[in-house]
**Student:** 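Below is the structure I would like to discuss, written out as structure tokens.
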Amino acid sequence: MGEDEKDALDALESEAKEWEKDAEIERILNAFRLDAYAVLDLNPGVPESDIKVTYRKKSLLIHPDKTRNPRAPDAFDRLRKAQTELMDEKHRARLDESIADARMLLIRENKWTVDSEELKTPEFAKMWRAKAREVLIEDEHRRRRLMKAMMQEEGREQKRQEEEVEERKRKRQHEQDWEATRDQRIDSWRQFQKGKSGGEKKKKKMKPIG
């Protein structure tokens with residue numbers, strides 16, 4: 001094989017790899033982001049080892065340092081987030097539960113049983129994925145409503161605590177001001193009493209007319 005032919009084949013291989021990277025980047029960015037399985041292109045319920053292997057392969061493929069695609073950083077961040085979510089036991093359990101709920105809703109809506117043949121078809125797999133999307137969106141809305149309510153409650157509690165702190169500050173300031181003018185009040189009272197007793201003495205010394 002001549003040098004020119006080798007260079008041409010290398011160029012074709014490089015172009016093919018770049019196309020594969022671009023395709024994977026687009027797939028990740030178009031995947032439903034609330035479904036970490038979809039982002040990693042995995043089926044629900046896979047073992048943890050599959051998650052690690054798949055993430056490693058895909059992260060090496062689309063790493064921003066190894067492709068010219070300007071959208072690679074966004075895809076890489078989304079891939080990493082999906083892997084982190086699936087490696088979190090609590091998050092993965094919630095995701096699995098939502099996906100399982102979607103399956104049961106489909107069965108109930110179509111009046112099937114868990115043994116129905118329809119559940120084994122590719123069409124059901126598509127329907128399940130679509131229903132899971134609906135369930136996950138509703139779960140996310142519910143989570144955000146709950147978080148908003150909690151933040152509002154925390155805001156009210158914080159406001160109440162701040163008002164209590166301000167009230168205590170006002171009371172302390174009032175006590176300090178009262179204590180600071182104590183000597184002045186005592187002196188004023190003494191002056192008043194002194195003036196009062198002096199007036200009484202003068203009254204006694206006055207002689208009656210006539």
Side-chain angles (χ1 to χ4, degrees), residues 15-154:
E15 184 179 337
K17 287 182 178 179
E18 199 62 36
W19 178 87
E20 183 183 359
K21 293 175 182 179
D22 291 342
E24 182 61 17
I25 287 169
E26 288 302 310
R27 188 201 65 76
I28 291 170
L29 293 175
N30 290 326
F32 183 47
R33 65 176 64 193
L34 293 179
D35 185 352
Y37 289 115
V39 176
L40 281 164
D41 199 20
L42 290 170
N43 291 320
V46 296
E48 190 175 288
S49 57
D50 285 5
I51 297 170
K52 292 179 180 178
V53 170
T54 300
Y55 170 72
R56 179 170 175 77
K57 287 181 178 178
K58 293 183 181 298
S59 62
L60 288 173
L61 178 66
I62 67 162
H63 196 283
D65 293 341
K66 296 184 178 182
T67 175
R68 297 185 297 272
N69 193 313
R71 304 184 74 191
D74 290 340
F76 185 79
D77 288 344
R78 196 171 296 184
L79 188 73
R80 181 168 52 189
K81 183 174 183 290
Q83 187 260 0
T84 301
E85 289 175 350
L86 289 182
M87 296 304 291
D88 183 305
E89 290 185 7
K90 289 183 179 179
H91 185 96
R92 188 179 180 189
R94 288 195 299 270
L95 179 58
D96 288 344
E97 184 177 356
S98 296
I99 293 173
D101 287 346
R103 184 173 184 271
M104 292 307 299
L105 283 171
L106 268 181
I107 293 172
R108 194 177 304 140
E109 289 171 1
N110 290 277
K111 298 180 180 179
W112 293 327
T113 68
V114 292
D115 298 321
S116 297
E117 289 298 319
E118 288 85 354
L119 275 61
K120 302 173 184 178
T121 64
E123 289 74 17
F124 177 79
K126 292 179 182 177
M127 292 172 64
W128 186 7
R129 183 72 77 178
K131 178 61 71 173
R133 187 185 183 107
E134 293 177 13
V135 172
L136 288 169
I137 289 173
E138 180 56 35
D139 288 349
E140 180 65 13
H141 283 320
R142 190 181 301 111
R143 186 189 69 82
R144 292 186 181 186
R145 288 194 297 268
L146 180 61
M147 185 177 294
K148 184 178 179 181
M150 288 174 63
M151 289 178 68
Q152 288 175 340
E153 183 59 32
E154 287 174 0

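Heavy atoms only: backbone and side chains are in, while hydrogens, waters and symmetry mates are out.
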**Student:** For residues 146-154, dump all side-chain donor-acceptor pairs below 3.5 Å to protein atoms at least two apart in sequence or in another chain.
**Tutor:**
{"unit_1": "Glu153", "atom_1": "OE1", "unit_2": "Arg156", "atom_2": "NE", "d": "3.4"}
{"unit_1": "Glu153", "atom_1": "OE1", "unit_2": "Arg156", "atom_2": "NH2", "d": "2.8"}

**Student:** State the CG-CD distance between Asn69 and Glu18, to the nearest 0.5 angstrom.
**Tutor:** 7.5 Å
**Student:** Working to the nearest 0.5 angstrom, can you tell me the gap between Ile107 CD1 and Asp115 CG?
**Tutor:** 9.0 Å
**Student:** Restricting to side-chain hydrogen bond (donor to acceptor under 3.5 Å, both in side chains), what partner residues turn up for Arg71, sequence neighbours left out?
**Tutor:** Glu26
**Student:** State which residues pass side-chain hydrogen bond (donor to acceptor under 3.5 Å, both in side chains) with Ser59; sequence neighbours excluded, sorted by chain then number.
**Tutor:** none
**Student:** If every non-hydrogen atom of Leu95 is compared with every non-hydrogen atom of Ala36, which pair is closest and at what distance?
**Tutor:** CD2-N, 3.9 Å
**Student:** What are the two closest non-hydrogen atoms of Ser98 and Val135, and how far apart are they?
**Tutor:** O-CG1, 3.6 Å
**Student:** Which ring pair (Phe, Tyr, Trp, His ring centres under 6.0 Å) pairs, counting each pair once, include a residue from residues 79-119, with sequence neighbours left out?
**Tutor:** Trp112-Phe124
**Student:** The criterion is side-chain contact (heavy atoms from CB on, under 4.5 Å); which residues satisfy it with Glu140, sequence neighbours excluded?
**Tutor:** Leu34, Arg143, Arg144
**Student:** Using 0.5 Å steps for rounding, measure from the CG atom of Leu61 to the CD1 atom of Ile25.
**Tutor:** 7.5 Å
**Student:** Rounded to the nearest 0.5 Å, what's the gap from CD on Gln83 to CG on Asp88? Could you check?
**Tutor:** 11.0 Å
**Student:** Quick one: which residue pairs count as a salt bridge (Lys or Arg N to Asp or Glu O under 4.0 Å) with a foot in residues 102-111, not counting sequence neighbours?
**Tutor:** Glu109-Lys131
**Student:** For residues 72-82, please give each side-chain donor-acceptor pair under 3.5 Å, one per line with the distance, not counting sequence neighbours.
**Tutor:**
{"unit_1": "Asp77", "atom_1": "OD1", "unit_2": "Arg80", "atom_2": "NH2", "d": "2.9"}
{"unit_1": "Arg78", "atom_1": "NH1", "unit_2": "Leu29", "atom_2": "O", "d": "2.9"}
{"unit_1": "Lys81", "atom_1": "NZ", "unit_2": "Glu85", "atom_2": "OE2", "d": "2.5"}

**Student:** Once salt bridge (charged side-chain N to carboxylate O under 4.0 Å, His left out) is applied, do any residues pair with Asp22, and if so which ones, sequence neighbours excluded?
**Tutor:** none
**Student:** Taking side-chain contact (heavy atoms from CB on, under 4.5 Å) as the test, write out the residues that go with Lys120, two or more places apart.
**Tutor:** Glu117
**Student:** Less than 4.5 Å apart, side chain to side chain, heavy atoms only: is that true for Arg27 and Asp41?
**Tutor:** yes
**Student:** Test Met127 against Asn110 for side chain to side chain contact (heavy atoms under 4.5 Å, CB included), laying out the working first.
**Tutor:** CA-CA 11 Å; Met127 292 172 64; Asn110 290 277; 4.0 Å; yes
**Student:** Short question: side chain of Lys21, backbone of Lys66 - any donor-acceptor pair under 3.5 Å?
**Tutor:** yes
**Student:** Look up atom CG in Leu106 and atom CG in Leu119, then write down how far apart they are to the nearest 0.5 Å.
**Tutor:** 8.5 Å
**Student:** Looking only at non-hydrogen atoms, find the nearest pair between Arg129 and Ala38 and report the distance.
**Tutor:** NH1-CB, 4.1 Å
**Student:** Under the rule for side-chain hydrogen bond (donor to acceptor under 3.5 Å, both in side chains), what residues qualify as partners of Lys126, not counting sequence neighbours?
**Tutor:** none
**Student:** Please set out all donor-acceptor pairs under 3.5 angstrom arising from side-chain atoms of residues 47-58, sequence neighbours excluded.
**Tutor:**
{"unit_1": "Thr54", "atom_1": "OG1", "unit_2": "Asp50", "atom_2": "O", "d": "2.8"}
{"unit_1": "Lys58", "atom_1": "NZ", "unit_2": "Glu24", "atom_2": "OE2", "d": "3.1"}

**Student:** Can you list every pair that meets ring pair (Phe, Tyr, Trp, His ring centres under 6.0 Å) and has a residue in residues 20-52, with sequence neighbours left out?
**Tutor:** none
